[in-house]
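Encoded as structure tokens, the structure appears first; notes follow it.
These values consider heavy atoms only, across backbone and side chains, with no hydrogens, waters or symmetry-generated copies.
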Amino acid sequence: MNFTAIREEAYESNMQLPALGLVLFTFGNVSVADRAQGVFAIKPSGVAYNKLLPENMVIVDFNGQVVEGGLRPSSDTKTHAVLYQHWQEVGAIVHTHSLHATAWAQSLRDIPLYGTTHADHLTTDIPCAPPMDDQMIAGNYEYETGFQILNYFKEHGLDYKNVEMILVGNHAPFTWGKNGTKAVYNSAVLEYVAQMAALTEQINPLAKRMKEALIKKHFERKHGPDSYYGQNT
Ligand SMILES: [Zn+2]
């Protein structure tokens with residue numbers, strides 16, 4: 001078993017959070033999975049970003065058990081484990097308390113699709129799962145947070161491969177992607193879209209969701225079978 005690659009990727013991805021202004025102090029964590037070995041690398045709990053090292057990353061299996069590492073893993077580790085266990089194609093997960101996305105989570109509101117920046121990434125509002133019920137909170141809290149996310153996607157017919165982000169009510173956002181770079185990118189996009197939507201409602205409290213024709217046009221420009229955004233590689 002060799003965990004060097006995921007340790008490095010998890011380290012680099014975690015370091016992107018302060019660089020992108022997505023975390024204050026230690027309010028965030030990124031994990032990166034190695035599906036072949038059945039494990040993920042995650043930030044150690046409560047360690048400042050400027051003290052992090054690739055070798056500090058804790059290796060955990062998809063049941064949330066530590067496989068290798070001298071430090072305790074992030075307190076959110078079980079949420080990551082549940083998502084990896086149920087969503088086979090997720091390669092990395094990010095949790096932050098980024099300012100604007102968290103403000104929407106605290107307001108218990110989906111982020112309405114107000115503009116093309118949002119539509120370039122997804123064709124739905126950014127979902128906000130309800131706050132967890134008392135039984136879930138009193139039980140295995142971090143583990144149940146994962147189920148709160150899974151259940152919301154199931155109940156609303158959402159596909160985690162199309163919608164790579166969610167707000168957990170009264171808490172904060174979680175994003176994911178095929179690798180650390182994409183999951184962190186989604187976290188930054190979410191924060192930017194959340195800020196834009198908040199400003200939109202401040203400028204015009206009666207702002208309306210963007211019309212379907214524009215939503216479709218923008219999403220397909222980037223992601224459809226005839227996409228023409230960027231360069232052919
Ligand atoms: Zn949190």
Test item: side-chain donor near acceptor, [X] and [Y], under 3.5 Å:
X	Y	result
H218	D120	yes
H121	Y185	yes
Q85	N63	yes

Check: [X] ring centroid to [Y] ring centroid under 6.0 Å:
X	Y	answer
H86	F147	yes
Y160	F153	no
Y152	H156	yes

inquiry  = Would you say that V67 contacts F3 through its side chain, given a criterion of any heavy-atom pair below 4.5 Å between the two side chains?
reply    =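 Heavy-atom side-chain distance check passes, below 4.5 Å.
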note = Only one of E12, E68, E55 passes side-chain hydrogen bond (donor to acceptor under 3.5 Å, both in side chains) with R7, and that residue is E68
message = Test your reading of the model: is there a side-chain donor-acceptor pair from Q195 to the backbone of H100, 3.5 Å cut-off?
response = no
inquiry  = Does R209, at its CZ atom, have more than 12 non-hydrogen atoms belonging to other residues, nucleotides or ligands within less than 6.0 Å?
reply    = yes
message = More than 12 heavy atoms of other residues, nucleotides or ligands under 6.0 Å from CG of D134: yes or no?
response =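 No, CG of D134 has 12 or fewer neighbouring heavy atoms, counting only those of other groups under 6.0 Å.
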task = Begin with the C-alpha distance, continue with both residues' side-chain angles, and end with the deciding distance and a verdict on side-chain hydrogen bond (donor to acceptor under 3.5 Å, both in side chains) for H171 and H97.
result = CA-CA 8 Å; H171 186 177; H97 287 200; 3.2 Å; yes
